[in-house]
Peer 1: 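Okay, here's the structure, questions in a sec.
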Amino acid sequence: MEANNKPELEEEHGKAYAVAEEDAAATNNEMMMKKHLSDDDESAAGEPEENYRGWKAMPYVIGNETCEKLGTIGTTANLLVYLSTVYGMKSASAATLLSLWGGTVNLAPVLGAFLSDSYLGRYATIALASIASFVGMILLTLTAAVPSLHPHGGTGPSASHMAVLLVSFALLAVGAGGIRPCNLAFGADQFDPRTPAGRRGINSFFNWYYFTFTIAMMVSATVIIYLQSNVSWALGLAVPATLMGLSCALFFMGTRLYVRARPEGSPFTSFAQVVVAAYRKRRLPAPKGELFDPPHRSSLVSKIAYTDQFLCLDKAAVLTAEDELTADGTTAVNPWRLCTLQQVEEVKCLVRLLPVWSSGIVYYIVLTNLGNYNVLQAMQTDRHLGRSGFQIPAGSFVVFNMLALTVWLPVYDGVVVPVLQRVTKREGGMTQLQRMGTGLVLSIATMLVAAAAERHRRAAGDATSCFVLVPQQMLAGLSEAFAVIGQVDLYYKQFPENMRSVAGALLFLGFAVASYASGVMVTVVHRTTGGSDGRPDWLTQDLNQGRVDLYYLVIAGMAAVNLVYFVACARWYRFKESDSDAAAAAPPPPV
């Protein structure tokens, strides 16, 4: 809309909003035909129309992602065994290092999402991150292939050995920080969301994405781990590095076909503006009159209904005499003093989710510790298949986790959900919070079963069949099918559309905090449970001398307390509604 059709700043604000609303209604149909969100006709005319190639770009996108997952998962799945055997590190030290590194890897997507949305765009971010991962994998492969880059004779790693190892870990963290928050959204960018075919393509792409993730996990947990454990660590690490190189090649081969969405600015800036504006106006009385709520013009982001939670944030949208508006009366001159009601409600969405998100941290602690110590448990069992000489690699037992997840999801979607929908009369059968709660209950059962299995293994010794560890892995897979997927679904649907990258980053941030917390827990238990008389601690190198079963029971107790906390958060939580959904049931927002 042009400025000369708007009243001057000195005119009454009510008249400005009336005119703005009339113009918005007149141009609504035109706006719905535009892909961008700008109201500037001149910039709209200069915006080139994207040529969506859809499935023509998918061989490169899906091929890139499949090879990237195979490379990344194949490199990291068996690192605990690599560090405790080839690198000669004590198991507790190796587990602590991997927990800290895992935290960094999961924290990096927050920075990656910010750089992608604000400056680089998804294409450049994925390109740079893929190269960093490839170089990191090559360097890690060299630590196994070059004798001078790893210790010998049972001695621990030297400073130079650790330096090379940590540089490779750092490059892998940079790669994860760029790839994880961007690759799913980049694939969806290749389809036109305005057409039915494009929307179907996006849904199909999501299915392929998670299918390839499961396949990559299973191949890595079997073929690649077998090569690492039974053939050669150099070969077992070189194969994922080669796959990562193929991933980079496929990605760049499809460059001419890609739709490259331009960075539109990070929502982190909008968050900061709301917080700063609310703080500046903190001395104002609780808002009861006008809040700055100009006409909502986005055809992509839905208008969020007003909520009466976190009223202190509403002060960011209080229109005072000191606040200046642009000539059309719909934008604040200083966005760090005055924000729109839509901005405030977007921040409320994030704040409401934080307690629920925090309950997921303890859940991820369960998964992290089970993943680490399940490998060490398997190393002290009989892993032979029958009377054959074949020995199952210790790191391959995660495949039972993935099998449970893969088998259960179709059953859940095809059988359980329809039954639940008939009973509850609710779409999906249960809410995302109920699904998460079910996963948390299963996580408690997982740790109790793991403690019982470890107690049995200690009593029977190393001759125990490795398959005693299968039930805990199957339960962990079922738990993930409820808790993790429920959390992803909650974030995707409860965040505004322009904050989906933040939703993905928030998920990985939970993994990061859990990894750091797990590292601290291992260190504390390692130092406090050993006796002054030389009695081994719970997590000693020889699990037969330790008490991993008691460690599992402690984690189960933490998970039980966390379940109570989650239920309290879930009862308090209020689901996001759009203006149209809430119009009939709730009073209109202040204007």
Side-chain angles (χ1 to χ4, degrees), residues 75-105 140 143-144 147-170 172-173 225 228-229 233 236-237 365 367-381 383 393-398 450-451 454 457-458 461-462 464 466 469 514-552 554-555:
T75 298
T76 58
N78 210 23
L79 276 180
L80 183 61
V81 177
Y82 180 68
L83 295 180
S84 58
T85 54
V86 176
Y87 251 68
M89 296 178 66
K90 294 182 178 179
S91 58
S93 300
T96 301
L97 174 61
L98 289 180
S99 292
L100 295 175
W101 177 68
T104 303
V105 165
L140 186 62
T143 64
S148 61
L149 293 182
H150 61 259
H152 297 276
T155 61
S158 65
S160 59
H161 294 150
M162 289 301 300
V164 176
L165 180 71
L166 293 178
V167 169
S168 69
F169 279 10
L172 290 173
I225 288 182
Q228 294 170 348
S229 302
W233 275 104
L237 291 173
I365 288 175
L367 296 184
T368 300
N369 282 279
L370 185 66
N372 286 339
Y373 283 94
N374 188 83
V375 175
L376 298 176
Q377 286 177 283
M379 291 176 69
Q380 293 191 223
T381 60
R383 291 177 280 122
S396 293
F397 283 84
V398 70
E454 173 59 15
R457 190 204 62 77
R458 287 182 72 250
D462 291 356
T464 306
C466 61
L469 305 177
S515 295
Y516 288 130
S518 297
V520 173
M521 284 177 57
V522 169
T523 301
V524 171
V525 171
H526 185 64
R527 292 180 178 178
T528 58
T529 56
S532 57
D533 56 353
R535 185 177 74 254
D537 63 88
W538 289 1
L539 305 178
T540 189
Q541 187 81 4
D542 183 1
L543 297 189
N544 292 331
Q545 302 297 319
R547 295 303 303 268
V548 174
D549 55 330
L550 296 182
Y551 184 58
Y552 282 165
V554 169
I555 297 175

Peer 1: Do you see a donor-acceptor pair shorter than 3.5 Å between the side chains of Tyr551 and Thr529?
Peer 2: no
Peer 1: Just by modelled atom types, is the Phe169 backbone N or O under 3.5 Å from a matching donor or acceptor in the Trp101 side chain?
Peer 2: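 Such a contact is found between Trp101 side chain and Phe169 backbone.
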Peer 1: Could you go step by step and tell me if Thr96 and Met89 meet the side chain to side chain contact (heavy atoms under 4.5 Å, CB included) rule?
Peer 2: CA-CA 11 Å; Thr96 301; Met89 296 178 66; over 6 Å; no
Peer 1: Could you go through Leu165 and Leu83, starting from their C-alpha distance and side-chain angles, then the distance that decides it, and tell me whether this counts as side chain to side chain contact (heavy atoms under 4.5 Å, CB included)?
Peer 2: CA-CA 10 Å; Leu165 180 71; Leu83 295 180; 3.7 Å; yes
Peer 1: Step by step, would you call Leu172 with Val105 a side chain to side chain contact (heavy atoms under 4.5 Å, CB included)?
Peer 2: CA-CA 8 Å; Leu172 290 173; Val105 165; 5.7 Å; no
Peer 1: If you look at every heavy atom in Asn372 and Leu80, which pair is closest and at what distance?
Peer 2: O-CD2, 3.2 Å
Peer 1: Output yes when a side-chain donor or acceptor of His150 lies under 3.5 Å from a complementary backbone atom of Val86, and no otherwise.
Peer 2: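 Not at all, since once roles are kept as given, no pair shorter than 3.5 Å links the two residues.
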Peer 1: Any non-hydrogen side-chain atom of Met162 less than 4.5 Å from a side-chain atom of Leu97?
Peer 2: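 Heavy-atom side-chain distance check passes, below 4.5 Å.
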Peer 1: Output yes when a side-chain donor or acceptor of Asn369 lies under 3.5 Å from a complementary backbone atom of Ile365, and no otherwise.
Peer 2: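 Side chain of Asn369 to backbone of Ile365: a pair is present.
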Peer 1: Check whether any side-chain N or O of Gln380 sits under 3.5 Å from a backbone N or O of Asp542 as a donor-acceptor pair, and report yes or no.
Peer 2: no
Peer 1: Within the side chain of Glu454, is there an N or O that forms a donor-acceptor pair under 3.5 Å with the backbone of Asp549?
Peer 2: no
Peer 1: Strictly distance-based, threshold 3.5 Å: is any side-chain N or O of Asp537 a donor or acceptor partner for the main-chain N or O of Thr540?
Peer 2: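 Yes, because the side chain of Asp537 sits within donor-acceptor range (under 3.5 Å) of the backbone of Thr540.
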Peer 1: Using 30° and 60° as the class boundaries, would you call the ring planes of His161 and Tyr87 parallel, tilted or perpendicular?
Peer 2: perpendicular
Peer 1: Between Arg458 (side chain) and Gln545 (backbone), is there a donor-acceptor pair under 3.5 Å?
Peer 2: no
Peer 1: Sub-3.5 Å donor-acceptor pair from the side chain of Tyr516 to the main-chain atoms of Thr104, do we have one?
Peer 2: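 Flag set: sc Tyr516 to bb Thr104 pair under 3.5 Å.
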Peer 1: To the nearest 0.5 Å, what is the distance between CG on Asn78 and CD1 on Ile225?
Peer 2: 4.5 Å
Peer 1: Rounded to the nearest 0.5 Å, what separates atom CZ in Arg383 from atom CZ in Phe397?
Peer 2: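 Going from the CZ atom of Arg383 to the CZ atom of Phe397 covers 7.0 Å.
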Peer 1: So, does Thr523 use its side chain to make a donor-acceptor pair with the main chain of Gly519 at under 3.5 Å?
Peer 2: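 Here the side-chain-to-backbone pair exists.
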Peer 1: Rounded to the nearest 0.5 Å, how far does CG of Leu469 lie from CG of Asn374?
Peer 2: 5.0 Å
Peer 1: Taking atom OG of Ser93 and atom CG of Leu98, what is their separation to the nearest 0.5 Å?
Peer 2: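 The CG atom of Leu98 is 11.0 Å from OG of Ser93, to the nearest 0.5 Å.
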Peer 1: Kindly compute the distance separating CG (Leu237) from OH (Tyr82), expressed to the nearest 0.5 Å.
Peer 2: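 Reported to 0.5 Å precision, the distance equals 6.0 Å.
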Peer 1: Output yes when a side-chain donor or acceptor of Thr381 lies under 3.5 Å from a complementary backbone atom of Ala378, and no otherwise.
Peer 2: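 Pair found, side chain donor or acceptor close to backbone of Ala378.
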Peer 1: Decide side chain to side chain contact (heavy atoms under 4.5 Å, CB included) for Leu370 and Leu367; before the verdict, give the C-alpha distance in whole Å, the side-chain angles of both, and the deciding distance to 0.1 Å.
Peer 2: CA-CA 5 Å; Leu370 185 66; Leu367 296 184; 5.6 Å; no
